[in-house]
Amino acid sequence: MKLLLTLGLALVTAFSAYAEKPLDLNAFAQQYYKTMTATQAPNAGAKELEAYLALLTDDIGNQHIPYQPDDSRIPDGKKQMRKGMSFYLGAHTLFESTLLNTFVFNDTGFAIRYKSYAKGIHPQSKQPIEYTSTMMEVIEVENGKVAMIRKYHK
């Protein structure tokens with residue numbers, strides 16, 4: 001009986017040592033920014049898009065203020081983001097982005113502020129586009145995945 005108890009305690013201790021460590025939101029924010037901006041590159045394709053979407057929950061909420069005032073999370077949020085982002089893949093002929101700030105909020109979220117410059121051809125109108133923008137994304141995290149994205153323009 002003592003042997004069984006000792007073995008049980010040893011197993012619990014062993015598994016506790018390998019228990020999931022808390023998510024390092026600073027590192028996750030850097031990964032998120034790098035992966036998200038890769039989807040905007042001129043040569044971006046399905047590989048870059050799927051790497052970005054892998055960071056998101058299936059029911060991701062996405063609010064781009066003032067264009068998308070609804071901040072609802074919906075069961076097929078990731079599927080809808082895939083469809084919307086696929087339409088714009090490869091639209092840029094030039095894309096540059098600089099991460100300006102990262103803010104971490106305890107273990108529930110982070111914000112990134114970045115400046116981007118892009119040129120390209122709009123996939124629907126076929127008209128040239130060129131813009132510079134400073135954005136802040138406020139990200140809520142649940143179970144190691146992005147659950148809500150709120151984008152704000154300067």
Side-chain angles (χ1 to χ4, degrees), residues 9-120 122-123 129-154:
L9 186 57
L11 283 173
V12 168
T13 304
F15 284 115
S16 296
Y18 292 104
E20 192 173 315
K21 293 180 181 175
L23 181 63
D24 177 350
L25 281 184
N26 237 328
F28 188 69
Q30 302 300 313
Q31 178 189 9
Y32 174 84
Y33 170 75
K34 182 178 177 184
T35 307
M36 179 269 300
T37 56
T39 68
Q40 303 302 305
N43 61 348
K47 177 183 171 190
E48 289 78 15
L49 178 57
E50 290 306 317
Y52 173 68
L53 293 172
L55 301 176
L56 314 179
T57 61
D58 290 337
D59 65 341
I60 182 76
N62 183 32
Q63 186 179 32
H64 193 158
I65 299 165
Y67 310 112
Q68 294 170 284
D70 184 6
D71 69 347
S72 301
R73 289 175 63 180
I74 52 176
D76 67 343
K78 187 189 290 192
K79 182 179 176 184
Q80 287 189 21
M81 282 191 72
R82 179 180 288 110
K83 181 179 177 186
M85 290 179 75
S86 293
F87 181 74
Y88 289 99
L89 276 179
H92 293 143
T93 56
L94 175 68
F95 180 77
E96 299 168 347
S97 185
T98 304
L99 183 61
L100 303 172
N101 306 97
T102 303
F103 309 93
V104 173
F105 309 105
N106 55 52
D107 61 351
T108 61
F110 61 89
I112 54 173
R113 197 168 74 83
Y114 56 93
K115 186 172 185 172
S116 298
Y117 171 72
K119 286 177 77 169
H122 192 280
I129 56 172
E130 183 174 6
Y131 62 90
T132 299
S133 66
T134 300
M135 299 283 292
M136 167 121 43
E137 292 192 24
V138 179
I139 308 293
E140 295 173 22
V141 177
E142 289 179 3
N143 301 318
K145 298 261 186 175
V146 174
M148 175 59 74
I149 304 167
R150 289 188 174 87
K151 294 185 180 200
Y152 301 89
H153 291 270
K154 180 176 178 182

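Basis for what follows: all heavy atoms, side chains included, without hydrogens, waters or symmetry-related copies.
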Query raised in the report: Under 3.5 Å, side chain of Q80 to main-chain N/O of G77, donor-acceptor pair present?
Result: no
Query raised in the report: With under 30° as parallel and over 60° as perpendicular, where do the rings of Y67 and H64 fit, or are they tilted in between?
Result: perpendicular
**Report entry** Heavy-atom pair of closest approach, residues H122 and I129
**Finding:** CB-CG2, 4.0 Å
Query raised in the report: Is the side chain of H92 donor-acceptor paired with the backbone N or O of Q40 at a distance under 3.5 Å, no angle test?
Result: yes
Query raised in the report: Do you know the tightest heavy-atom contact between P66 and P69?
Result: O-CD, 4.1 Å
**Report entry** Heavy-atom side-chain proximity of R82 to E50 below 4.5 angstrom
**Finding:** yes
Requested in this report: In sequence, state the C-alpha distance, the side-chain angles, and the governing distance for Y114 and E137, and then conclude on side-chain hydrogen bond (donor to acceptor under 3.5 Å, both in side chains).
Outcome: CA-CA 9 Å; Y114 56 93; E137 292 192 24; 2.6 Å; yes
Requested in this report: State plainly whether the residues E140 and R73 are in salt-bridge range, i.e. N to O under 4.0 Å.
Outcome: no
Query raised in the report: Hey, does F95 have a side-chain heavy atom less than 4.5 Å from the side chain of T37?
Result: yes
Query raised in the report: Any side-chain heavy-atom pair from Y32 and I149 closer than 4.5 angstrom?
Result: yes
Requested in this report: Mind checking the CZ-CZ spacing from F103 to F110? Nearest 0.5 Å is all I need.
Outcome: 12.5 Å
Report summary line: Taking every heavy atom of T39 against every heavy atom of L49, the minimum-distance pair comes out as CG2-CA, 4.0 Å
Report summary line: Tightest non-hydrogen contact, residues A29 and T102, listed as CB-CG2, 3.7 Å
Query raised in the report: CD1 of I112 to NZ of K151: how many Å apart, nearest 0.5 Å?
Result: 8.5 Å
Query raised in the report: Are any non-hydrogen side-chain atoms of M36 and L55 less than 4.5 angstrom apart?
Result: no
Query - With D58, the salt bridge (Lys or Arg N to Asp or Glu O under 4.0 Å) member among K78, K79, K145 - result: K78
Query raised in the report: Under a 4.5 Å cut-off applied to non-hydrogen side-chain atoms, are I60 and V146 in contact?
Result: yes
Query raised in the report: L89 and A44: which non-hydrogen atoms are nearest, and at how many Å?
Result: CD2-CB, 3.9 Å
